[in-house]
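Below is one structure, written out as structure tokens, with a few remarks after it.
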Amino acid sequence: MVRKAYTKDDIRNIIKDENVQFLRLQFTDVFGAIKNVGVPVSQLEKVLDNNLMFDGSSIEGFVRIQESDMYLYPDLSTFMIFPWSTDENGGKVARLIADVYTSARQPFAGDPRGNLKRVLSEMTEAGFKNFNLGTEPEFFLFKLDENGNPTTELNDKGGYFDLAPLDMGNDVRRKIVLQLEAMGFEIEAEHHEVAPGQHEVDFKYADALDAADNIQTFKLVVKTIARQYGYYATFLPKPKSGINGNGMHTNMSLFDETGNAFFDETGDLQLSKTAYNFLGGILDHATAYTALTNPTVNSYKRLTPGFEAPVYVAWSGSNRSPMVRVPASRGNSTRLELRSVDPTANPYLAFAAILEAGLDGIRRELEPTHAVDRNIYLMDESERRAAGITDLPDTLLSAVNDLAEDPTILGALGHHIAEAFISAKRLEYQSYRQEVSAWELDTYFEQY
């Protein structure tokens with residue numbers, strides 16, 4: 001979506017002209033959950049003067065109770081009116097995305113959005129202008145029961161690019177697109193995905209901060225519209241066994257003052273040295289940032305062979321079985337596509353980690369391993385080893401342990417976020433280990 005340079009007076013005028021009666025200030029916690037503080041429009045001046053406070057100790061991963069007072073500093077360029085929000089009296093609801101500040105009026109080190117800004121400033125110091133990202137988040141639609149609770153029944157039996165009647169989600173996707181366009185998004189396509197009940201809406205690339213904001217807004221819109229049609233939308237990577245899971249392929253490119261720094265008409269595959277070094281960093285730090293791009297126990301049910309999700313650290317200029325591929329477009333559209341990311345990722349943390357990995361590759365002039373142009377899923381272990389192909393972590397615990405040993409990716413998070421994230425995810429995995437699954441009972445109960 002196009003970010004607008006609103007002033008305080010602009011927002012005052014829009015609120016008056018559009019009869020906005022309520023404001024929601026949104027921010028994101030360490031684990032990617034969207035949080036918000038709602039206020040009536042009578043509190044507008046307090047919001048615009050950065051004087052709205054909240055209890056940070058109640059937000060997971062933020063601060064202790066004795067440090068609880070925090071401020072929300074709204075980013076005026078993120079102001080928008082929710083198209084579905086008009087009440088019976090014509091009153092509307094608007095939102096602003098906010099950065100989190102401490103009681104001492106300093107940027108809070110545990111704010112994922114503020115942390116991404118910090119890493120982007122390092123990118124600028126390295127001589128680059130923009131880190132552009134185009135994401136492809138997928139989601140499933142499940143039916144709701146008579147009480148409005150989600151069931152485990154998918155909304156249809158359609159497949160890739162199917163039409164109605166096999167595709168029962170086309171009305172939902174169309175409404176999502178229309179609402180997103182009303183909010184300023186530029187939508188490129190929408191379609192049914194490979195698995196039954198699986199859907200995708202693609203929106204235009206943006207710089208990293210906007211891209212992260214857009215993903216959080218997109219999730220909110222998808223879930224809101226789905227409920228209006230009697231469905232529950234989930235971005236869970238693998239809500240059903242035996243079918244493809246939800247990914248969020250992430251296309252990325254660095255721009256400098258001359259244009260796309262990944263493009264070199266004379267280079268191998270028309271990729272620049274910068275692109276290859278960035279790719280080298282992406283591959284070198286892959287096992288560490290996987291904890292951030294795939295941050296749930298369920299993420300690793302998707303990262304298994306046979307369902308199109310990558311499970312090996314490799315790259316290719318064409319085929320889709322490696323973790324990274326290079327789409328065919330060149331010029332300003334030259335980019336790398338990271339295919340392992342899933343939509344449970346906190347986009348602010350994931351993008352910070354991916355960018356830092358690439359910048360480290362540029363700093364160290366890392367060369368990527370040789371491209372793999374075979375279907376990796378058909379290669380045996382000795383063939384993969386001979387080709388220099390390694391494995392992605394296969395559990396959340398393994399990924400978190402790799403993260404804890406990588407100073408570069410830890411640096412992309414900062415001490416506060418890294419400590420909170422690693423501690424919480426280790427506890428999450430321990431909780432998972434203590435549960436007995438239906439599969440274990442079905443497989444072992446009567447046998448032993």
Side-chain angles (χ1 to χ4, degrees), residues 1-30 32-59 61-63 67-85 91-121 180 182-185 206-221 224 346-349 351-352 417:
M1 58 183 295
V2 178
R3 187 182 289 271
K4 297 181 180 179
Y6 289 123
T7 65
K8 291 181 181 181
D9 280 341
D10 290 334
I11 290 176
R12 292 185 184 104
N13 291 333
I14 295 171
I15 284 174
K16 181 179 179 181
D17 293 344
E18 296 292 333
N19 192 27
V20 173
Q21 295 296 318
F22 207 78
L23 298 171
R24 294 200 176 276
L25 272 73
Q26 296 178 354
F27 59 100
T28 298
D29 73 9
V30 169
I34 304 172
K35 304 294 183 179
N36 84 101
V37 176
V39 297
V41 74
S42 60
Q43 300 300 306
L44 175 61
E45 293 309 314
K46 180 186 288 188
V47 169
L48 294 179
D49 290 338
N50 302 326
N51 285 326
L52 187 65
M53 299 189 75
F54 73 102
D55 178 8
S57 68
S58 298
I59 305 299
F62 269 29
V63 293
E67 305 162 329
S68 59
D69 289 340
M70 310 196 84
Y71 288 98
L72 291 176
Y73 279 43
D75 181 340
L76 302 188
S77 69
T78 65
F79 178 84
M80 65 169 54
I81 298 171
F82 291 140
W84 60 82
S85 66
K92 299 177 182 178
V93 178
R95 80 91 201 265
L96 286 156
I97 296 176
D99 295 317
V100 181
Y101 276 64
T102 67
S103 58
R105 301 280 186 178
Q106 296 298 314
F108 173 46
D111 175 20
R113 191 174 191 266
N115 181 74
L116 176 57
K117 286 183 173 182
R118 177 183 63 84
V119 177
L120 288 169
S121 70
L180 288 170
M183 297 169 75
F185 280 74
D207 71 81
L209 187 64
D210 285 349
D213 288 345
N214 289 348
I215 288 169
Q216 297 298 75
T217 302
F218 174 76
K219 289 179 179 179
L220 177 63
V221 173
T224 299
N346 180 333
Y348 302 103
L349 299 188
F351 295 165
I417 292 176

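Hydrogens, waters and symmetry mates are skipped; everything else that's a heavy atom, side chains included, is used. Please read all numbers here as calculations on a predicted model, not as lab measurements. We're numbering straight along the sequence, starting at 1.
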For the pair I81 and V93, evaluate side-chain contact (heavy atoms from CB on, under 4.5 Å) and give the outcome as yes or no after the intermediate values.
CA-CA 6 Å; I81 298 171; V93 178; over 6 Å; no
Would you say the side chains of R12 and T7 form a donor-acceptor pair under 3.5 Å?
no
How close do P347 and I215 get, counting heavy atoms only, and between which atoms?
CB-CD1, 3.9 Å
Should F22 and V39 be marked as a side-chain contact (heavy atoms from CB on, under 4.5 Å) after you check the CA-CA gap, both sets of side-chain angles, and the distance that decides it?
CA-CA 6 Å; F22 207 78; V39 297; 5.8 Å; no
Where do D10 and A5 come nearest, in terms of heavy atoms and distance?
OD2-O, 4.0 Å
Fit a plane to each ring of Y6 and F79, take the angle between them on a 0 to 90° scale, and name the class: parallel (under 30°), tilted (30 to 60°) or perpendicular (over 60°).
perpendicular
I would like to know whether L180 and F218 meet side-chain contact (heavy atoms from CB on, under 4.5 Å); could you show each step before the answer?
CA-CA 8 Å; L180 288 170; F218 174 76; 3.7 Å; yes
CG/N36 to CG/L23 distance, rounded to the nearest 0.5 angstrom?
11.0 Å
Atom pair CE (M80) and NZ (K4), whose distance is rounded to the nearest 0.5 Å:
9.5 Å
Is any side-chain N of the basic residue among D111 and K117 closer than 4.0 Å to the acidic one's carboxylate O?
no
4.5 Å side-chain heavy-atom contact, L96 and I11
yes
In Å and rounded to the nearest 0.5 Å, what is the NZ to CG distance from K16 to L44?
13.0 Å
If you measure from CE on M53 to NZ on K46, what distance do you get to the nearest 0.5 Å?
9.5 Å
Between the side chains of D75 and R113, is the shortest nitrogen-to-carboxylate-oxygen separation below 4.0 Å, so that they form an ion pair?
yes
Any side-chain heavy atom of N50 sitting closer than 4.5 Å to one from P74?
yes
Would a line drawn from the ring center of Y101 to the ring center of Y73 be shorter than 6.0 Å?
yes
Derivation and outcome, side-chain contact (heavy atoms from CB on, under 4.5 Å), residues K92 and F82:
CA-CA 7 Å; K92 299 177 182 178; F82 291 140; over 6 Å; no
Hey, are the side chains of P40 and Q21 touching, using non-hydrogen atoms and a 4.5 Å cut-off?
no
Got a second to check how far F54's CZ is from L72's CG, nearest 0.5 Å?
5.0 Å
L52 and V37 have their tightest heavy-atom pair at CD2-CG1, 4.0 Å
When rounded to the nearest 0.5 Å, the distance separating CG of D213 from CD of Q26 is 9.5 Å
Quick check: closest heavy atoms across N346 and V30, and the distance to 0.1 Å?
ND2-O, 3.1 Å
Where do L349 and P112 come nearest, in terms of heavy atoms and distance?
CD2-CB, 3.9 Å
If you measure only the distance, is there a donor-acceptor pair under 3.5 Å linking the side chains of Q216 and N214?
no
Considering all heavy atoms of both residues, which atom of M70 and which atom of T102 are nearest to each other, and what is their separation?
CE-CA, 4.3 Å
Non-hydrogen side-chain atoms of V221 and W84 separated by less than 4.5 Å
yes
Kindly indicate whether the side chain of L25, heavy atoms from C-beta on, has any atom under 4.5 Å from the side chain of R95.
no
With R105 as the cation and Y71 as the aromatic partner, state whether NZ or CZ is under 6.0 Å from the six-membered ring centre and within 45° of the axis.
yes
